[in-house]
Novice: 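Below: one structure in structure tokens.
Numbering of residues begins at 1 and proceeds along the displayed sequence. Counting convention: from 1, in listed order, for ligands and their atoms alike.
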Amino acid sequence: MKLINHYLLLLPLIILSSCNAKKETTAISLKDSYKKDFYIGTALDANQIEEKNAKEDSLIKKEFNAITAENIMKSMFVHPAKDKYDFALSDKFVAYGEKNKMFIHGHTLIWHSQLAPWMTEIKDSTEMKAFMKDHITTIVSKYKGRIDSWDVVNEALNEDGTLRKSVFFNTLGEQYLVDAFKFAAAADPKVDLYYNDYNNEEPSKREGNINLIKKIKAGGGKIDGVGIQAHWRLESPSIETIEESILAYSALGLKVAFTELDITVLPNPWDLKGADVNQNFEGSAKMNPYPEKLPDSVQVKLAERYASIFKLFVKHKDKISRVTFWGVHDGQSWLNDWPIRGRTNYPLLFDKDLKPKKAYQSVMKLKETKE
Ligand code: 9MR
């Protein structure tokens with residue numbers, strides 16, 4: 001009897017200590033695990049902005065503390081005609097971020113792709129400069145103090161580091177880069193301004209990116225950060241290459257953000273000599289090897305790849321402002337349709353049923369406290 005009484009007295013203590021032990025080893029979410037390091041973001045599609053799927057919505061709120069609009073703020077949607085802006089969805093996007101106390105990133109102001117047709121027809125430099133000024137000033141001022149950072153210019157570089165002959169370059173020359181950053185800073189002097197690109201961790205494009213940043217600064221533009229999109233593969237880029245880039249950009253006094261992270265696990269048609277991406281591969285089983293399920297061996301490889309990438313990010317957390325995934329779950333990823341339409345890819349941390357993958361566990365595990 002005495003023994004039982006003692007045990008009953010101790011019971012609350014036993015329960016309490018087992019709960020505490022659990023707390024120490026089980027982190028609750030990505031955003032909480034990494035809250036001392038950098039923001040953990042996701043790109044939202046229009047349905048997610050409109051909170052159409054309750055399960056997705058609660059996952060987004062639980063795991064992420066930064067958001068980017070995957071498409072709806074691009075110029076063709078937000079500025080469809082010369083004298084017409086459409087802010088219906090971008091208003092909802094910003095309200096969503098505010099309601100959930102998230103870091104809000106604007107994507108993107110000046111990009112040669114997803115332009116409204118009327119913009120592509122501008123041939124005259126005066127007209128183009130007037131367009132840029134109106135476009136940037138209207139959008140940035142509208143969300144002044146509410147949007148935390150902007151991709152001012154997106155993808156202005158070729159792979160060899162030279163400037164892309166975009167409609168902006170062709171009408172205005174390289175000065176358009178400086179002007180874009182000046183217009184944005186004038187509209188909201190406090191917002192962080194980024195240049196954003198893919199493959200800009202690769203040495204030749206990185207060199208071009210460094211020159212571009214120097215040009216913007218020399219011309220009197222304000223630039224606060226560089227976005228490395230991070231559309232990566234299982235085998236490349238190497239961790240060394242990524243690290244060199246973090247160091248090189250941060251040595252210029254810029255913040256580094258990983259803005260569109262995903263890792264393809266599917267074969268790349270460009271690796272096959274003589275492959276014509278547009279013709280031969282749609283519907284080919286060889287190019288879509290996992291239509292039903294990702295084999296465990298690849299699941300493990302993806303988890304290891306994510307772990308080594310995040311290990312590097314944590315090592316350089318003082319230089320990194322934000323790490324954003326390009327989508328919430330595999331089912332919504334653009335990589336299901338690029339560079340070949342209709343494949344099944346597995347590039348993110350949550351599967352199409354919103355279940356955390358091994359890759360999620362491996363990223364979480366890096367931050368587990370084991371005291
Ligand atoms: O994920 C976006 C996809 O839904 C669009 O069809 C595509 C159009 O170009 O843009 C995708 O997002 C791109 C981003 O805006 C800029 N960097 C590359 C991204 C993937 O293509």
Novice: Looking at F169, I'd like to know if the NZ or CZ of K165 sits under 6.0 Å from its six-membered ring centre while staying within 45 degrees of the ring's axis.
Specialist: yes

Novice: Quick check with a 6.0 Å cut-off and a 45 degree axis cone: is K255 positioned over the face of Y194's six-membered ring?
Specialist: no

Novice: Are W334 and E70 close enough that a side-chain donor and a side-chain acceptor fall under 3.5 Å?
Specialist: no

Novice: N or O contacts of ligand 1 with protein under 3.5 Å, please list pair by pair.
Specialist:
residue: ligand 1; atom: 1 (O); partner: E70; partner atom: OE2; Å: 2.5
residue: ligand 1; atom: 1 (O); partner: W326; partner atom: NE1; Å: 2.9
residue: ligand 1; atom: 4 (O); partner: E70; partner atom: OE2; Å: 3.3
residue: ligand 1; atom: 4 (O); partner: N71; partner atom: ND2; Å: 2.9
residue: ligand 1; atom: 10 (O); partner: K74; partner atom: NZ; Å: 3.1
residue: ligand 1; atom: 12 (O); partner: K74; partner atom: NZ; Å: 3.4
residue: ligand 1; atom: 12 (O); partner: W326; partner atom: NE1; Å: 3.3
residue: ligand 1; atom: 15 (O); partner: K74; partner atom: NZ; Å: 2.6
residue: ligand 1; atom: 15 (O); partner: H107; partner atom: NE2; Å: 2.8
residue: ligand 1; atom: 17 (N); partner: E155; partner atom: OE2; Å: 2.9
residue: ligand 1; atom: 17 (N); partner: Q229; partner atom: OE1; Å: 3.0
residue: ligand 1; atom: 17 (N); partner: Q229; partner atom: NE2; Å: 3.3
residue: ligand 1; atom: 17 (N); partner: E260; partner atom: OE1; Å: 2.7
residue: ligand 1; atom: 17 (N); partner: E260; partner atom: OE2; Å: 3.4

Novice: Residues two or more places apart in sequence or in another chain: which of them pass ring pair (Phe, Tyr, Trp, His ring centres under 6.0 Å) with H135?
Specialist: H79, F131

Novice: Is NZ or CZ of K205 both nearer than 6.0 Å to the six-membered ring centre of Y198 and within 45° of the ring axis?
Specialist: yes

Novice: Taking the six-membered ring for Trp, are W150 and W111 ring centroids under 6.0 Å apart?
Specialist: no

